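To keep things clear, I will list the structure first and then write my remarks on it.
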Amino acid sequence: RVEDAFLYASNCHCSRCRAATGPAFKAFAGIEREKLELTDGLDALLIVGEEALNDTRCGACGSLLFSVVWDGAYVHVALGSLVNAPGIRPRKHLFVGSKAPWFEITDDLPQFEEHAT
């Protein structure tokens, strides 16, 4: 369970996010880690990485649920994993310097070669 109090949202084109999700980019929304509550299925999670930096997946279907980032302080919730539409939309494209060569960005969102500054 996560409240709709996201602080930011982006489309990340880095190779790690592409590999984790499969598509050309990962659409995610960021929120403080303590605002995400795991209510059920803790024993069925598949956690790839460390406590403070990982991708957390559903152990049953493999779907990416969220990524723990920034030394464990925040989570990047995969927008596709949410049941209800969040009040925030991606506002930029990150790591376009390593985006998939077969994908063309066609919207007007700001683009950053790496992290947004």
Side-chain angles (χ1 to χ4, degrees):
R1 182 179 342 182
V2 65
E3 58 184 279
D4 190 5
F6 296 105
L7 302 172
Y8 53 90
S10 301
N11 295 321
C12 185
H13 296 266
C14 78
S15 60
R16 183 173 175 262
C17 285
R18 289 195 328 267
T21 59
F25 57 88
K26 176 172 88 174
F28 71 89
I31 194 167
E32 298 93 338
R33 189 175 185 178
E34 66 269 8
K35 291 187 178 175
L36 177 108
E37 179 185 3
L38 299 173
T39 60
D40 192 22
L42 293 170
D43 56 335
L45 292 176
L46 173 61
I47 299 172
V48 180
E50 315 264 329
E51 172 70 19
L53 180 66
N54 70 62
D55 287 332
T56 300
R57 297 178 170 278
C58 171
C61 71
S63 293
L64 178 66
L65 302 173
F66 59 88
S67 301
V68 176
V69 298
W70 296 3
D71 294 324
Y74 290 82
V75 290
H76 286 170
V77 178
L79 290 177
S81 72
L82 296 173
V83 174
N84 298 314
I88 194 170
R89 301 289 182 265
R91 297 181 179 148
K92 60 186 147 245
H93 293 276
L94 305 176
F95 290 94
V96 298
S98 60
K99 75 172 189 61
W102 46 264
F103 181 74
E104 180 181 350
I105 298 171
T106 59
D107 60 43
D108 293 331
L109 295 176
Q111 298 180 25
F112 297 87
E113 288 293 305
E114 294 184 356
H115 280 292
T117 54

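This is a predicted model, so every value here is computed, not measured.
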Requested in this report: Determine, using ring centers only, whether Phe112 and His13 are less than 6.0 Å apart.
Outcome: no

Please set out all donor-acceptor pairs under 3.5 angstrom arising from side-chain atoms of residues 96-108, sequence neighbours excluded.
from, atom 1, to, atom 2, distance (Å)
Ser98, OG, Phe95, O, 3.3
Lys99, NZ, Phe103, O, 2.4
Asp107, OD1, His93, NE2, 2.9
Asp107, OD1, Leu109, N, 3.0
Asp107, OD2, His93, NE2, 3.0

**Report entry** Hydrophobic cluster identity match, Leu36 and Val69, side-chain contacts under 4.5 Å
**Finding:** no

Cut-off 3.5 Å, no hydrogens considered: what does the side-chain donor-acceptor table look like for residues 81-90, sequence neighbours left out?
from, atom 1, to, atom 2, distance (Å)
Ser81, OG, Leu65, O, 3.3
Ser81, OG, Ala78, O, 2.7
Arg89, NH1, Pro86, O, 2.4

Donor-acceptor contacts under 3.5 Å from residues 22-31 side chains, at least two apart:
from, atom 1, to, atom 2, distance (Å)
Lys26, NZ, Ser67, OG, 2.9

Report summary line: With sequence neighbours left out, the residues meeting salt bridge (charged side-chain N to carboxylate O under 4.0 Å, His left out) with Glu32 are Lys35

Query raised in the report: For Arg16, what residues pass the salt bridge (charged side-chain N to carboxylate O under 4.0 Å, His left out) criterion, not counting sequence neighbours?
Result: Asp55

**Report entry** CH2 on Trp70 to NE2 on His76, rounded to 0.5 Å
**Finding:** 5.5 Å

Report summary line: In short, Ala73 meets Glu34 closest at the heavy-atom pair O-OE1, 4.5 Å

Quiz: residues 38-52 side-chain donor-acceptor pairs under 3.5 angstrom, not counting sequence neighbours:
from, atom 1, to, atom 2, distance (Å)
Glu51, OE2, Arg33, NH2, 3.0

Query raised in the report: Are any non-hydrogen side-chain atoms of Leu7 and Tyr74 less than 4.5 angstrom apart?
Result: yes

Report task. Determine yes or no for a side-chain-to-main-chain donor-acceptor pair under 3.5 angstrom, with Arg57 supplying the side chain and Gly62 the backbone. Result -> yes

Query raised in the report: Can you hop from Leu64 to Leu79 via hydrophobic side chains spaced under 4.5 Å?
Result: no

Query raised in the report: Side-chain heavy atoms under 4.5 angstrom apart, residues restricted to Ile, Leu, Val, Met, Phe, Trp, Tyr: same cluster for Val2 and Val68?
Result: yes

Report task. Might you work through the side chain to side chain contact (heavy atoms under 4.5 Å, CB included) test for Cys12 and Ser10, ending with a clear yes or no? Result -> CA-CA 6 Å; Cys12 185; Ser10 301; 5.8 Å; no

